[in-house]
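Here is the naming used below: chain letters follow the sequence lines, and residue numbers restart at 1 for every chain. Quick note: numbers below take in every heavy atom, side chains included, and nothing from hydrogens, waters or symmetry partners.
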Protein chains: 2
Amino acid sequence: MPTPSRTSLEQIVAAGRALVTTGGVDALTMQAVAQRVGVRAPSLYKRVRDRSDLVRLVVEDALRELGATLDAAADTGDPATDLRALATEFRTFAHAQPNLFGLLFVSAADRSAPDSDLLARASSPVLRTAERLAGPDDALPAARTITAWAVGFVQMELAGAFQLGGDVQEAFDYGIGRLAVALASGPRR
Amino acid sequence: MPTPSRTSLEQIVAAGRALVTTGGVDALTMQAVAQRVGVRAPSLYKRVRDRSDLVRLVVEDALRELGATLDAAADTGDPATDLRALATEFRTFAHAQPNLFGLLFVSAADRSAPDSDLLARASSPVLRTAERLAGPDDALPAARTITAWAVGFVQMELAGAFQLGGDVQEAFDYGIGRLAVALASGPRR
DNA sequence: ACCTGAACACCGTTCAAGT
DNA sequence: ACCTGAACACCGTTCAAGT
């Protein structure tokens with residue numbers, strides 16, 4: 001006798017994401033997710049392979065949103081302006097959802113990597129800006145330099161690893177300015 | 001009736017670090033640590049407040065080693081050469097102990113931040129090199145730009161987040177070269 | 001077809017009892 | 001003073017049984 005579904009994968013991912021946002025990834029327990037979607041924990045295994053699979057889906061959901069945010073941020077004319085907009089938007093996203101951001105670019109033995117298409121989509125506005133700054137030949141390494149700097153900066157900031165005093169905002173602006181100059185200084189190296 | 005100690009904090013931290021190195025932070029369980037030092041799990045609580053405290057001690061142990069490694073790497077004359085040596089040594093450390101490295105610069109809600117003195121000591125060779133590249137006024141933001149880039153680059157690399165093909169080593173060299181030029185281009189901005 | 005309770009093997013942590 | 005077994009409250013996950 002068929003029974004109608006009482007929940008959906010979409011609801012489950014949303015519940016998982018809400019739990020991560022509120023209490024960090026440790027708060028995403030199967031029981032907490034189940035309670036939020038009105039079901040018992042074992043039922044989740046009908047839609048999700050295991051907990052790490054659910055965490056991956058939450059990460060991919062966040063990556064989709066981050067990609068859309070960055071896409072919207074880099075549509076002005078000047079590439080140096082776009083670089084600043086991208087970096088600022090990226091940092092704003094991280095500050096708004098630190099627990100979620102902390103999952104996006106770190107390796108975790110237990111969970112598989114997010115879909116590479118999503119990573120590519122999220123990084124495409126950076127790649128376009130990098131190409132306009134550094135030229136087509138250096139677009140990829142230039143984009144990686146920008147992304148690495150932004151990821152590391154925000155991650156250290158959120159981890160409280162900038163402990164030598166000074167103005168963190170100033171260091172952020174300094175980094176943007178220097179990167180724009182450095183990448184635009186021509187294809188020879 | 002006093003009983004002689006059957007283990008020590010030093011042994012416990014070493015056991016914890018070995019477990020992290022081998023199987024990631026999830027493999028550091030109180031029971032596994034206890035077994036390695038020849039004791040039962042509850043006894044660990046005589047030396048360590050709780051699991052997160054032990055993880056912090058392992059992180060600090062790794063930071064001490066990383067600091068010493070970097071200190072030894074940056075003693076040549078040319079600051080651009082030192083920058084390259086520091087970045088390469090940093091990356092080598094991360095590749096040699098990816099599970100340990102993954103703990104150093106990420107925030108974790110459950111564990112407290114490592115001792116700030118250790119962070120300062122580990123970053124001091126970077127700060128010195130940054131000062132020689134960018135001048136005393138910009139030493140701190142320049143050091144933060146270098147460190148952010150290096151942390152982000154290695155973390156993305158280890159997370160498998162560089163998925164657009166291309167040569168990752170080339171992107172690393174490109175980043176070093178551009179940073180050296182950018183930071184040395186003078187104090188005005 | 002989906003959901004559930006019961007069960008299993010694991011955790012971290014506390015604490016009274018042993019030496 | 002240190003160590004232990006037993007206990008507690010939690011996990012993730014499986015599975016036979018219900019509808």
So, B:Gln169 and B:Arg91: side-chain donor and acceptor under 3.5 Å apart, yes or no?
yes
In terms of side-chain heavy atoms of [X], which of [options] is nearest?
X	options	answer
B:Val39	D:dT4, D:dG12, C:dC11	D:dT4
B:Pro42	C:dC11, D:dT4, C:dA6	D:dT4
A:Ser43	D:dT13, C:dC3, C:dC11	C:dC3

OP1 or OP2 of [N] versus the side-chain N and O atoms of [X]: is any pair under 4.0 Å?
X	N	answer
B:Gln31	C:dC11	yes
B:Thr3	C:dT19	no
B:Arg40	C:dG12	no

Could you check how far [atom1] of [X] sits from [atom2] of [N], rounded to whole Å?
X	N	atom1	atom2	answer
A:Tyr45	D:dT14	OH	P	7 Å
A:Arg6	C:dT4	CZ	C1'	9 Å
A:Lys46	C:dC3	NZ	C1'	9 Å
A:Met30	D:dT14	CE	C1'	12 Å
B:Asp26	C:dC11	CG	P	11 Å
B:Leu44	C:dC15	CG	P	17 Å
B:Gln11	D:dC3	CD	C1'	15 Å
B:Asp50	C:dT14	CG	P	8 Å

Could you measure the distance from the CZ atom of A:Phe153 to the OG1 atom of B:Thr147? Nearest 0.5 Å is fine.
10.5 Å
Cationic N near anionic O, under 4.0 Å, A:Arg132 to A:Asp82
yes
Which heavy atom in B:Ile12 sits nearest to a heavy atom in B:Val33, and how many Å separate them?
CG2-CG1, 3.9 Å
Pick base, sugar-phosphate or nothing for B:Ser52, based on heavy-atom distances below 4.0 Å to the nucleic acid.
nothing
Could you tell me how the ring of B:Phe105 sits relative to the ring of B:Phe90: parallel (under 30°), tilted (30 to 60°) or perpendicular (over 60°)?
tilted
